[in-house]
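First up is the structure itself, then whatever we jot down about it.
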Amino acid sequence: MRVLVIGSGAREHALLLALRRDPEVDALAVAPGNAGTAIIADQYDVDITSGDAVVKLAQRIGSDLVVVGPEVPLVLGVADAVRSAGIACFGPTKDAARIEGSKAFAKDVMAAAGVRTAISEIVDNPANLDAALDRFGPPSGDPSWVVKDDGLAAGKGVVVTADRDTARAHAASLLDSGHPVLLESFLDGPEVSLFCVVDGETVVPLLAAQDFKRVGDGDTGPNTGGMGAYAPLPWLPDDVVASIVDDVVKPVAAELVKRGSAFSGLLYAGLAITSRGPAVVEFNCRFGDPETQAVLALLETPLGQLLHAAATGHLADQPTLVWRDGASVTVVVAAENYPGRPRVGDVITGSEADGVLHAGTSRRDDGAIVSSGGRVLSVVGTGADLNAAREAAYHLIKSIRLPGSHFRSDIGLAAAEGRVSVS
């Protein structure tokens with residue numbers, strides 16, 4: 001099987017490494033890729049937001065399966081173009097990808113499916129903003145305002161704050177740029193990311209993970225695209241995972257089928273495990289980054305065969321997934337000033353070791369690997385338990401040099417110390 005992966009981040013690097021372990025995958029390609037993916041796959045520079053460009057590349061290299069990693073090509077309909085060309089594609093249609101592309105659409109689907117989520121309100125007129133803010137957050141009873149961009153924002157369009165002026169400023173800036181604003185009630189409790197491979201109404205869950213959005217230790221500073229993750233979750237009972245699948249993911253998948261927008265690909269449920277049970281924070285239409293790096297490090301089931309089965313309507317025929325024992329931790333190494341405008345062009349050393357996945361990297365003509373984005377590397381450690389996986393990841397980071405870089409030192413720490421629990 002010849003597989004083409006679309007994307008350039010650490011998520012795509014992790015996908016390629018897992019696909020390479022599948023005995024039925026005999027050729028790998030990636031577009032556009034990065035300095036790390038170039039070592040393990042043929043690399044092509046194409047416009048991944050163009051369905052026509054992706055189709056032409058897939059046809060030229062004889063791809064049997066195209067795996068679309070990022071959300072933007074999916075929301076723009078690249079998977080539709082690939083399927084229309086008769087090539088198997090892992091990734092939802094443009095219609096189904098609205099589950100991530102429009103939070104208003106996702107809320108409507110969840111309401112129809114009877115899925116618990118935060119109370120919300122869309123604001124698209126600045127004149128209505130102050131009254132809407134008064135209905136959410138202090139003094140309404142919630143500990144914080146939750147203000148979101150209604151569209152795609154690369155994981156950085158959310159502000160959760162107890163300060164009204166901060167909440168208002170974020171909402172006003174979104175409205176000024178033409179983006180509707182979603183205000184939500186605050187959901188208490190630890191957050192969980194659950195990836196599910198979906199084919200219509202067939203749902204196959206992967207390991208639950210937890211990611212860390214804030215840039216600083218102790219969940220301080222602004223939101224980012226994700227600074228680290230770990231899997232599995234020792235504090236999350238198996239019956240809670242089962243209830244998320246049965247009461248959240250399956251009803252949403254069924255509702256999308258009912259609407260004529262059947263989902264085929266990776267449906268990512270981000271949830272808060274509140275005192276009243278699981279509640280959805282958001283849905284994404286693709287593998288999440290950095291959770292993918294942690295989850296796929298533990299997968300023993302051949303990934304290419306699993307994704308191809310979902311892409312061709314045979315997911316229900318697949319055997320039960322097999323997982324490696326132990327735990328996995330991913331720590332993101334970010335460029336100076338991230339999540340602001342990152343410093344780029346710095347030489348990186350130590351990035352070619354096993355367990356180091358590339359995202360914002362490129363290779364210069366002289367062979368040096370340099371930074372080219374905000375989240376530069378993901379460092380993955382595995383071990384018999386969460387403590388051992390953390391030790392492996394942070395030990396590996398010590399061998400990496402990138403001027404001005406930063407990372408969180410507490411990924412998975414609270415869970416390893418038994419300080420995370422379900423009410």
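All residue numbers in this chain count up from 1 along the given sequence.
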Validation row: Leu236, Ile273 side chains within 4.5 angstrom (heavy atoms):
yes

Using salt bridge (Lys or Arg N to Asp or Glu O under 4.0 Å), reason through Arg286 and Glu100 one step at a time and then give a plain yes or no.
CA-CA 9 Å; Arg286 38 72 193 183; Glu100 178 171 2; 2.7 Å; yes

Could you tell me whether Glu24 and Arg2 make a salt bridge, using a distance below 4.0 angstrom between a side-chain N and a carboxylate O?
no

Counterpart residues, side chain to side chain donor-acceptor pair (under 3.5 Å), relative to Thr382 (two or more places apart):
Arg324

Using the rule side chain to side chain contact (heavy atoms under 4.5 Å, CB included), only one of Val356, Val344, Ile369 pairs with Thr361; which is it?
Ile369

Residue pairs passing the salt bridge (Lys or Arg N to Asp or Glu O under 4.0 Å) test with at least one member in residues 407-420, sequence neighbours excluded, are Asp219-Arg408, Arg408-Asp410, Glu417-Arg419

Applying side chain to side chain donor-acceptor pair (under 3.5 Å), can you list everything that pairs with Asp346, at least two apart in sequence or on another chain?
Arg343

Run the numbers on Arg20 and Asp22 for salt bridge (Lys or Arg N to Asp or Glu O under 4.0 Å), then give the verdict.
CA-CA 5 Å; Arg20 190 172 63 169; Asp22 187 330; over 6 Å; no

Tell me if a side-chain donor or acceptor on Thr161 pairs with a main-chain N or O of Asp163 at a distance below 3.5 Å.
yes

So, the side chain of Asp80 versus the backbone of Lys94: is there a donor-acceptor pair under 3.5 Å, distance only?
yes

Residues forming a side chain to side chain donor-acceptor pair (under 3.5 Å) with Asp42, sequence neighbours excluded
none

Are Arg11 and Phe287 in a cation-pi setup, meaning NZ or CZ lies under 6.0 angstrom from the ring centre and within 45 degrees of the ring axis?
no

Please list, chain by chain and in numerical order, all residues satisfying side chain to side chain donor-acceptor pair (under 3.5 Å) with Thr349, sequence neighbours excluded.
none

Does a donor on one side chain and an acceptor on the other come within less than 3.5 Å for Gln210 and Ser193?
no

Where Val245 and Pro251 come nearest, the two heavy atoms and their spacing
O-CD, 4.1 Å

So with a 6.0 Å cut-off around CG of Asp317, is the heavy-atom count from everything else above 12?
yes

Are the side chain of Thr117 and the backbone of Val280 linked by a donor-acceptor contact shorter than 3.5 Å?
yes

Report the residues that fulfil ring-ring contact (aromatic ring centres under 6.0 Å, His included) with Tyr230, sequence neighbours left out, ordered by chain and then residue number.
none

Are any side-chain N or O atoms of Asn284 and backbone N or O atoms of Tyr268, one a donor and one an acceptor, separated by less than 3.5 Å?
no

So, are Asp385 and Arg390 salt-bridged, with charged N and O less than 4.0 Å apart?
no

May I ask you to say whether Lys107 pairs ionically with Glu184, meaning some side-chain N is under 4.0 Å from a carboxylate O?
yes

Passes salt bridge (Lys or Arg N to Asp or Glu O under 4.0 Å), Asp247 versus Arg116? Steps please.
CA-CA 9 Å; Asp247 301 334; Arg116 186 167 172 258; over 6 Å; no

Got a salt bridge between Lys250 and Glu201, using NZ or NE/NH1/NH2 to carboxylate O under 4.0 Å?
no

Between Asp217 and Ser409, do the side chains contain an N or O donor and an N or O acceptor separated by less than 3.5 Å?
yes

So does Val380 get a backbone contact from the side chain of Thr330, meaning a donor-acceptor N/O pair under 3.5 Å?
no

